[in-house]
Q: 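Take this structure first; my questions come after.
As the structure is a computational prediction, the values presented were derived from the model and not from experiment.
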Amino acid sequence: MYPTVAEVLALPVLRQGRPHVVAGSAGLDAPVRWAHVAEVADIAHLLRGGELVLTTGVALPDDGPALARYVADLAGVGAAGLVIELVRHWSDKLPTALVEAAEEHGLPLVTLSRETRYVSVTEAVNGQIVDAQVAELRAAERVHETFTALTVAGAEPGVVLGEVARLTEQPVVLETLSHEVLAYDAAGTDPAELLTGWPSRSRVVQLGERTGYHPGSGWLVTVVGARGHDWGRLVVVCADQPPHRHRVVAERAASALAVHRLVAKDTDGLERQAHRAVLAELLASPAPSAELLARASALAVPLPGRQLVGLAVRPRLTGTRPALSTPPVLRELAEATVLAARRAKVSALVATDELGVRALIALSPEANADAVLHRLATDVHEARGSAPGVLAVGTTVSSPAEAGRTLLEAGQVAAAALGTGSERVLHRLSDVRLRGLLHLLAGDERVTAFAQRELGPLRQRDATSGSRLVQALRHYCEQGGNKSAAAAAAHTSRTAYYQQLARIEQVLGVRLEDPESMLSLYVALLVDDLTRTSEEDSPGRAPQ
């Protein structure tokens with residue numbers, strides 16, 4: 001907002017006086033708050049700091065000690081510089097004591113070799129300062145209006161950060177107080193370069209005020225929070241000292257973000273959204289980009305050089321639909337998973353999806369993956385004792401490029417395990433066996449067509465006659481072909497049940513005692529179950 005001493009000296013009205021810097025050149029970048037004409041030697045106590053003092057020197061003493069005190073007093077109150085006209089008192093050069101004192105205190109000392117109309121100088125300099133102040137006020141008003149509109153509209157953090165980047169033309173990052181990146185806008189710069197090593201870089205930037213500039217890092221930082229509960233920091237990355245309007249932008253953006261979080265009433269929304277975005281890209285990217293790896297690292301979950309394991313947590317089924325799969329319960333399930341990962345001292349990306357929780361666990365190369373995962377699963381089960389869930393993991397992989405595969409496997413194992421009724425603490429591919437294989441092939445039309453061929457006639461008979469032959473066949477297969485056990489499971493007399501089995505053989509044209517026939521029919525039943533469950537889960541279900 002304020003011009004520097006160097007910029008003032010470049011004004012035409014001063015250039016006409018042929019200015020020459022004779023001392024204190026190191027202070028030419030000092031801002032000039034006002035231009036002030038002073039023809040008295042004891043002017044210092046009347047100044048407030050930042051003034052460029054203009055004088056002809058007629059009232060200044062000639063003895064060295066007095067001139068040194070004069071300069072020391074000006075420097076002591078923070079004067080921006082001293083301009084002396086070499087016409088009336090000194091016509092050739094300034095006294096050595098004056099020059100040496102100015103150099104010692106770093107006070108810019110400038111001579112004018114021509115008579116200069118100081119009234120024109122003050123009009124030009126002070127007019128420029130006032131114009132800049134008015135422009136700053138107008139800019140602040142526009143910033144206020146912009147972020148007020150965003151707050152009223154309930155703008156998402158990404159939109160707010162985009163506006164900060166547009167107004168400052170600098171990269172901006174929203175982080176937690178534990179230095180994990182929640183959202184960012186690189187403002188056209190390289191996102192990977194912006195985010196690489198973020199947590200470690202952020203930890204060293206500590207300020208004693210809510211908003212401040214850290215010259216060492218080039219960060220303008222403001223705390224984000226409301227009602228005495230601070231939860232994050234907004235960082236505008238700017239190499240040079242930012243202008244005041246950038247502070248205004250940062251503070252108004254922080255207010256908008258704090259209000260959004262209060263209104264959303266979702267204490268973990270931003271963290272989970274950031275994790276969800278990274279997980280979604282890992283699932284979709286066969287070769288994760290440097291930016292994606294940097295984003296994961298900025299969330300305190302480094303992926304390269306780690307053992308990576310996909311994890312899926314699903315609420316137990318009631319009937320044919322997921323139980324308690326409402327946003328609050330899914331958030332509680334995610335929180336239980338996050339806390340379990342912290343207790344196990346492992347890094348994890350954790351987010352809710354349409355059916356439960358998806359996570360990617362990052363372990364050190366030396367970690368015992370089985371032991372860590374068993375402990376984590378046990379903690380989640382204990383935390384969710386009132387609403388137990390199914391926990392499943394994919395294959396342990398060693399490359400971020402394989403992260404998508406282990407995540408997909410975990411989801412497929414969890415879906416298969418839900419239908420088994422197993423009470424295992426943790427499910428793996430080897431635990432779900434045939435059901436797991438069918439889950440992997442569930443989207444294949446050939447598998448669906450196979451099930452339809454095997455069971456179609458039986459379903460048609462049930463539909464037309466009101467019989468329950470498909471259910472009778474299910475009991476038979478689940479009891480491994482033991483007719484007595486199947487009749488007991490069906491709560492039917494053996495005579496009536498045997499008649500149902502004979503009718504099944506007649507409709508399908510097969511012998512149930514034939515092992516291949518029973519196996520084919522059981523596989524068809526499993527495929528049919530998986531298909532119907534998938535169809536019931538999909539309509540109208542959106543990610544939480």
Side-chain angles (χ1 to χ4, degrees), residues 1-137 241 243-244:
M1 180 168 62
Y2 297 113
T4 65
V5 175
E7 290 170 341
V8 170
L9 296 179
L11 292 175
V13 68
L14 267 172
R15 294 300 300 169
Q16 294 176 0
R18 294 183 179 177
H20 176 63
V21 180
V22 296
S25 58
L28 291 175
D29 289 334
V32 176
R33 191 183 57 80
W34 204 249
H36 186 69
V37 180
E39 295 295 359
V40 291
D42 59 344
I43 187 63
H45 71 284
L46 300 176
L47 304 179
R48 295 172 53 192
E51 293 89 353
L52 180 64
V53 177
L54 309 173
T55 181
T56 61
V58 293
L60 297 182
D62 287 310
D63 63 293
L67 288 173
R69 283 195 303 273
Y70 173 69
V71 170
D73 290 344
L74 290 179
V77 297
L82 175 63
V83 178
I84 300 178
E85 184 186 83
L86 294 179
V87 175
R88 291 171 174 78
H89 189 171
W90 297 294
S91 58
D92 182 23
K93 63 179 181 178
L94 297 177
T96 302
L98 186 63
V99 174
E100 290 178 348
E103 187 65 32
E104 178 185 352
H105 292 283
L107 180 72
L109 178 59
V110 182
T111 60
L112 300 175
S113 59
R114 288 183 176 179
E115 186 177 44
T116 304
R117 297 182 63 184
Y118 279 166
V119 64
S120 298
V121 175
T122 56
E123 284 179 349
V125 176
N126 296 340
Q128 185 183 57
I129 292 172
V130 170
D131 288 345
Q133 290 174 331
V134 171
E136 193 76 13
L137 289 173
Q241 180 78 29
H244 178 71

Q: Tell me the closest heavy-atom pair linking E39 and G57, and the distance in Å.
A: OE1-N, 3.7 Å

Q: Please evaluate residues H36 and I43 with respect to the criterion side chain to side chain contact (heavy atoms under 4.5 Å, CB included), reporting the C-alpha separation (whole Å), side-chain torsions for both, the decisive distance (0.1 Å), and the verdict.
A: CA-CA 10 Å; H36 186 69; I43 187 63; 4.1 Å; yes

Q: Once rounded to the nearest 0.5 Å, what's the spacing between atom CG of L94 and atom NE2 of H89?
A: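 If I round to the nearest 0.5 Å, the distance is 10.0 Å.
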
Q: W90 and T111: side chain to side chain contact (heavy atoms under 4.5 Å, CB included), yes or no, with the steps?
A: CA-CA 10 Å; W90 297 294; T111 60; over 6 Å; no

Q: Could you check whether any side-chain heavy atom of Y70 comes within less than 4.5 Å of a side-chain heavy atom of P61, counting everything from C-beta outward?
A: no

Q: Output yes when a side-chain donor or acceptor of T116 lies under 3.5 Å from a complementary backbone atom of Y118, and no otherwise.
A: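 Checked: no pair found.
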
Q: Do I129 and N126 touch side chain to side chain, with heavy atoms closer than 4.5 Å?
A: yes

Q: Are L9 and V21 packed together at the side-chain level, in the sense that at least one heavy-atom pair is separated by less than 4.5 angstrom?
A: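 L9 vs V21: side chains touch.
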
Q: Side chain to side chain contact (heavy atoms under 4.5 Å, CB included) with I84: which of V22, L109, T56?
A: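 Result for side chain to side chain contact (heavy atoms under 4.5 Å, CB included) with I84: L109.
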
Q: Taking all atoms of both residues into account, what is the closest heavy-atom pair of S113 and R18, and its distance?
A: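 Taking S113 first and R18 second, the nearest heavy atoms are OG-CB, 3.3 Å.
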
Q: Quick check: closest heavy atoms across P31 and A80, and the distance to 0.1 Å?
A: O-CB, 3.6 Å

Q: Can you name the closest pair of heavy atoms from A101 and A68 and give their distance?
A: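 Residues A101 and A68, closest heavy atoms: CB-CA, 3.9 Å.
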
Q: Out of curiosity, R69 CZ to D63 CG, how far, rounded to the nearest 0.5 Å?
A: 7.0 Å

Q: How far apart are the closest heavy atoms of E85 and E115, and which atoms are they?
A: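 Distance-wise, the nearest heavy atoms are OE2-CA, 3.3 Å.
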
Q: Could you pull out all donor-acceptor pairs under 3.5 Å where a side-chain atom in residues 44-53 meets a protein atom, sequence neighbours excluded?
A:
{"unit_1": "H45", "atom_1": "ND1", "unit_2": "D42", "atom_2": "O", "d": "2.9"}
{"unit_1": "E51", "atom_1": "OE1", "unit_2": "G49", "atom_2": "N", "d": "2.8"}
{"unit_1": "E51", "atom_1": "OE2", "unit_2": "R33", "atom_2": "NH2", "d": "2.7"}
{"unit_1": "E51", "atom_1": "OE2", "unit_2": "R48", "atom_2": "N", "d": "2.8"}
{"unit_1": "E51", "atom_1": "OE2", "unit_2": "G49", "atom_2": "N", "d": "3.4"}

Q: If every non-hydrogen atom of V37 is compared with every non-hydrogen atom of T122, which pair is closest and at what distance?
A: CG2-CG2, 3.8 Å

Q: A side-chain contact here means heavy atoms from C-beta on lying under 4.5 Å apart; do Y2 and V8 qualify?
A: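 They are not in contact (no side-chain heavy atoms under 4.5 Å apart), so the answer is no.
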
Q: For residues L86 and S91, determine if any side-chain heavy atom of one lies less than 4.5 Å from a side-chain heavy atom of the other.
A: no

Q: Do V121 and L14 come close enough that some side-chain heavy atom pair is under 4.5 Å?
A: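 They are in side-chain contact.
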
